[in-house]
Amino acid sequence: VHVPFCAARCSYCDFSSGERASGAVERWLDLLEREAATRAPVAADVAFSSVFLGGGTPSALSARHFGRAWATVTRHFRVAPGAEITLEANPESVRPTLLDAWGAAGVNRLSMGAQSFHADELRRLGRIHGAERPAAAVAMARAHGFRGLSLDLMFGFPGHTPARWQATLERALALDLPHLSAYCFIPEPGTALGAAALAGAADMPDAEAQAEMYARLGETAARAGMTTYETSNLCRPGHEARHNLVYWLRRPYLGLGPSAHSLWGGTRWGNAYALEEWAAALESGRDPAGVLERETPDTVADEILMLGLRLGDGLRRDAYTPGAWAALVRRHGVGLAAAAATGRLDAHPQGWRVPPALRFLADDVIAWVAARAAAVDTAGVAPIIPSPCPSPPSPAI
Ligand code: SF4
């Protein structure tokens, strides 16, 4: 459920989000109800195992507005007992009244965007909270009974150094959380910091420095008992984000709100990105989704490759239907075997995975395998060229 409002725009972010004016929130809520009613029939027989309220900044909603959004979800969809219910929160907006409202609704996981523990870096990133606020928000959440807690961090942005990143990591790990996400900065052209980086006007760390920061992430978190279960996500045993595994393992999901994506019944669609466009479609009785894309065995195989190799376990036969696995092997079997033969992948009895030492380059390995299926002659492309970032930017708050 995409909540398209933020208190302020961060300097790196190009997510679908706008100002939190009360009229705009009420309109979004009215139309969320309309979209939910439209989509619900396809899920009439389904109990959802997870719900993710993301954004934007769901914690920017008042308790009353949050209550309306949650009532819309539960009026139209069945949420399974014990479901993982995550809400993205900006540490600045975490407060007792909201924690009470979230807890009463059944939210059992809070994902907070900390990004950094240095005040000057937070200012550069356009964050509205100070360096001490994430710890205070975590303490407040714990006092209200929340145990499923995660922090989002960012590295590799202009001015960032491995030493400063190490200090942020240590502050984050000292909070003793079960889950952590860390995303490498990607300069998005339409954002203030991204445009400056692309124009050469910002002091970007080079790819080697970013790779070092990524290595420090894995090493430092491992000392705190965490493993990297996805390129950008780490956790203590048993604390993987179930909802995100739905995306990575290609289980069906339904999205509501501007820019939300869905994969349901073998069809993919993405809602109009901007609030206004999404709202205008619903108000005029149109589907806010653009083109519906019917999956084919090749698109299924490409997605399994792209998403599955980001997982620490890699591609595992037992995670997919026999038909999906067969599609993967038919399309990418030769490339996967070649990647294993050249040390780009480890083969294991269940499938393949990116070796931990190459995880920063997982996207390059994936591209190398995919290129073979696309009948591109990669024979002369022996070395893997490091790309500056292993992951998309943080979706979070
Ligand atoms: S990073 Fe999060 S809080 Fe900042 S503008 Fe983007 S969605 Fe809003």
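Read the numbers this way: they start at 1 and go in the same order the structure lists the ligands and their atoms. Sequential numbering from 1 along the given sequence is applied to the chain's residues.
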Peer 1: Could you list the atoms of ligand 1 found under 4.0 angstrom from a heavy atom of T57?
Peer 2: 3 (S), 8 (Fe)
Peer 1: Are the charged groups of D45 and R78 less than 4.0 angstrom apart, N to O?
Peer 2: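 A salt bridge is absent here (no side-chain N lies under 4.0 Å from a carboxylate O).
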Peer 1: Give a yes/no answer: is there an N/O/S atom of C10 under 2.8 Å from atom 4 (Fe) of ligand 1?
Peer 2: yes
Peer 1: Is it true that G56 lies under 4.0 Å from ligand 1, counting heavy atoms only?
Peer 2: yes
Peer 1: Pair S116, E121 - check side chain to side chain donor-acceptor pair (under 3.5 Å), show working.
Peer 2: CA-CA 7 Å; S116 163; E121 290 177 357; 2.7 Å; yes
Peer 1: Using a strict cut-off of 4.0 Å, indicate which atoms of ligand 1 neighbour a heavy atom of C6.
Peer 2: 3 (S), 5 (S), 7 (S), 8 (Fe)
Peer 1: Side chains of D313 and Q350: is there a donor and an acceptor less than 3.5 Å apart?
Peer 2: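 There is no such pair (donor and acceptor under 3.5 Å, judged by atom type) between the side chains of D313 and Q350.
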Peer 1: Any atoms of ligand 1 less than 4.0 Å from a non-hydrogen atom of Y12? List them with their elements.
Peer 2: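 Those atoms are 1 (S).
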Peer 1: With a cut-off of 4.0 Å, which atoms of ligand 1 are near a heavy atom of R127?
Peer 2: 1 (S), 3 (S), 4 (Fe)
Peer 1: Over all heavy atoms of both residues, which pair between R331 and A373 is shortest? Give the atoms and the distance, please.
Peer 2: O-CB, 3.4 Å
Peer 1: For the atom pair NE2 (H129) and OG (S93), what is the distance rounded to the nearest 0.5 Å?
Peer 2: 9.5 Å
Peer 1: Is a donor from one side chain sitting under 3.5 angstrom from an acceptor on the other, for R127 and Y12?
Peer 2: yes
Peer 1: Should you measure from each heavy atom of A8, which atoms of ligand 1 turn up under 4.0 Å away?
Peer 2: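 Those atoms are 5 (S).
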Peer 1: Do any N/O/S atoms of C13 come under 2.8 Å of atom 6 (Fe) of ligand 1?
Peer 2: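 A backbone or side-chain N, O or S atom of C13 is under 2.8 Å from atom 6 (Fe) of ligand 1.
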